[in-house]
Amino acid sequence: MLDPRKFRQNPEGIAAALAVRGFELELDKYRDLEKSRSDLQIEMERLQHERNVASKDIGRAKQAGEDIQPLVESLGDLGTKLDSVRHEFQQVHSELNDFMLHIPNIPDESVPAGETDEDNPVLYKWGEPPEFDFPAEDHVQVAGTALDFEASARLSGSRFSVMWGPLVQLHRSLIQFMLDVHTEEHGYEEVYVPYIVNRETMTATGQLPKFEDDVFFVRGEIDRFLIPTAEVPVTNIVREQILEGAELPLKFVSHTPCFRRESGSHGKDTRGLIRLHQFEKVELVQITHPNKSWQALDEIVANAETILQRLELPYRAVSLCGGDLGFAAAKTIDLEVWLPGFNRYREVSSISNFLDFQARRAQARFRETAESRPELVHTLNGSGLAIGRTLLAILENYQDGKGGVLIPKALLPYTRGRKRLVFEQ
RNA sequence: GGAGAGGUGGCCGAGUGGUUGAAGGCGCUCCCCUGCUAAGGGAGUAUGGGGUGAUUCCCAUCGAGGGUUCGAAUCCCUCCCUCUCCGCCA
């Protein structure tokens, strides 16, 4: 959520800034709601004050043994008036709140103009796409029977996977490898979190209320949702907390499955492991001091790149343009890995700075010193990396043309010496 | 799943209708005292919001939401959570 005070001061300026991402702010609606809110709140608080003063008088009179009846009667219809103003206020307040919760974050000034992912400028490239003396296969062909979509379709439907044997082991090795690098070399603390969260948690990070169609709902006594990313539970660890300045930054890493409806992508990326309803991810989250978050963004980008470099996978970095930017992000850098089977780069990591946008929804704050007032922290996160897509990239980049896949050197400690996998066709 | 007990400020903990946003203690901050250490004395110390140029002022918050009342931490209802015992169980 954006700062309501700044919003009040300069709604036109905010509307202009939001236009960069193609969001049209309903200024008239905002002004109407804000005016009503202000009027009603002032009137409501005035009546409440009046009532409080009168009630204290009555209390005093009663203690003094006086007759309180005349005082009670002198209040007249204050109670009913207050009730009706309060109801009106609550109505307008929740409408305004809902309005604010649907407004995306303001893009940082450095965010490039553009509408779709095709407009994202490439910042740099690392590594060279491999040259094969045989026709490159895509990961579905390489994996053969180890990738069993016939089974997953029967169990769950489309966009799920069943993997077998060595392929799953490689998948597991990747998770272990990434967690080890981030905890031992990059200073992240590993955390295990719930995969099912409540509405407040989903709202704080920005998935709700606007994107309920994108997430899986779990039926039960209260509304709960499957997490679309570890960002949701991990960032919410600091929800409604006041941290000490000296604790910052907090750096968390968590491996979780991610569940996404992919409701807007019918018929898109239907082959293989590219876009599934369920996939694994190792996620990096940082909670930082507000003037350290841009530095942290660079750090997370570098942390994610380390994984790709150790795995010797060619990739490039792009800066998301205004139109492609996620709802809560002020700026996002995507890392895209080279996929020989598709002959293109695909996202394996998305690293974002949310500034205080999520922190305000979450009321996640810190105190600079023991005496200072609480201030909102900044939150960031990035994949480090998406496991399914990394696995896929290894199958495609390390295929040897003879029905096998070589294991990247960095993973050898995790495969107990096995250097090459062979998949049945 | 069954039975019971609870949820109060950073923490512990009092408070069953009336100047209680909340006693007392611990912690923390500042000051005084003390040759060091230990101890002692005093003052301060919640969060969110609103109006104002500002000091100041006002409103809300004792798990959440409703209700009763002139007035609710305190009474009633619903929900959530925690703990104990029993049952079941990876």
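The basis for the numbers below is simple: all heavy atoms, side chains too, and nothing from hydrogens, waters or symmetry mates. Letters go in sequence order (proteins before strands), and every chain restarts at 1.
Residues that satisfy the side chain to side chain donor-acceptor pair (under 3.5 Å) test with Glu368(A), not counting sequence neighbours, are His289(A). With sequence neighbours left out, Phe423(A) forms a ring pair (Phe, Tyr, Trp, His ring centres under 6.0 Å) with no residue at all. With sequence neighbours excluded, the residues that form a side chain to side chain donor-acceptor pair (under 3.5 Å) with Arg46(A) are Glu43(A), Glu50(A). In this view, Ala317(A) and Leu123(A), Tyr124(A), Ile333(A), Leu335(A) satisfy the side-chain contact (heavy atoms from CB on, under 4.5 Å) rule, not counting sequence neighbours. With sequence neighbours left out, the side chain to side chain donor-acceptor pair (under 3.5 Å) criterion links Asn105(A) to no other residue. Remark: Gln169(A) engages Arg418(A) in a side chain to side chain donor-acceptor pair (under 3.5 Å) (not counting sequence neighbours).
Applying the side chain to side chain donor-acceptor pair (under 3.5 Å) test to pairs two or more places apart or on separate chains, those with a residue in residues 1-18 of chain A are Arg8(A)-Glu34(A), Glu12(A)-Arg31(A). Residue pairs satisfying the side chain to side chain donor-acceptor pair (under 3.5 Å) criterion with at least one member in residues 241-252 of chain A, sequence neighbours excluded, are listed as follows: Lys251(A)-Glu299(A).
Look at Asn52(A) and you won't find any side-chain N or O under 4.0 angstrom from OP1 or OP2 of U19(B). Between Arg365(A) and G48(B) there is a side-chain polar atom (N or O) within less than 4.0 angstrom of OP1 or OP2. Between Arg373(A) and the phosphate of A46(B), there is no side-chain N or O to OP1/OP2 separation shorter than 4.0 Å. Residue His49(A) has no polar side-chain atom (N or O) positioned under 4.0 Å from OP1 or OP2 of C58(B). Remark: Arg51(A) is not in phosphate contact with C59(B), judged by side-chain N or O atoms under 4.0 Å from OP1 or OP2.
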Structure string for RNA chain B in dot-bracket form, Watson-Crick and G-U at under 3.5 Å, | interchain: ((((((((.[[[..)..(.....]]]((((((.......))))))(((((......))))).[[[[[..)....]]]]])))))))....
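Side chain of Ile42(A), nearest nucleotide from G51(B), G49(B), C70(B): G51(B). Closest contact between the side chain of Gln48(A) and the listed nucleotides U19(B), G51(B), C59(B) involves C59(B). Nearest nucleotide to the side chain of Glu45(A), out of G50(B), C70(B), U19(B): G50(B). For Arg37(A), taking side-chain heavy atoms from C-beta onward, the closest of the listed nucleotides U19(B), G50(B), G71(B) is G50(B).
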Nucleic acid footprint by protein, nucleotides 61-69 of chain B - heavy-atom cut-off 4.0 Å, B for base, S for sugar-phosphate alone: ---------
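Distance CD (Glu375(A)) to P (G48(B)): 11 Å, rounded to an integer number of Å. Rounded to a whole Å, the CZ atom of Arg46(A) is 16 Å from the P atom of G51(B).
Nearest-nucleotide assignment on RNA chain B puts the 5′-proximal partner with Gly59(A), out of Gly59(A) and Gln41(A). In terms of position along RNA chain B, the nucleotide closest to Arg8(A) lies nearer the 5' end than the nucleotide closest to the other residue of the pair Arg8(A) and Val72(A).
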Taking only nitrogen or oxygen atoms into account, show me every contact under 3.5 Å that the protein makes with nucleotides 76-80 of chain B, one pair per line with its distance.
none

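Other residues, nucleotides and ligands place more than 12 heavy atoms under 6.0 Å from the CD atom of Gln425(A).
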Report, one line per pair, each donor and acceptor closer than 3.5 Å where one atom sits in a side chain of residues 274-285 of chain A; sequence neighbours left out.
| residue | atom | partner | partner atom | Å |
| --- | --- | --- | --- | --- |
| Arg275(A) | NE | Asp269(A) | OD2 | 2.8 |
| Arg275(A) | NH1 | Glu262(A) | OE1 | 3.2 |
| Arg275(A) | NH2 | Asp269(A) | OD2 | 2.8 |
| His277(A) | ND1 | Arg260(A) | O | 2.7 |
| His277(A) | ND1 | Arg261(A) | O | 3.3 |
| Glu280(A) | OE1 | His255(A) | NE2 | 2.6 |
| Lys281(A) | NZ | Thr229(A) | OG1 | 2.9 |
| Lys281(A) | NZ | Glu283(A) | OE1 | 2.6 |

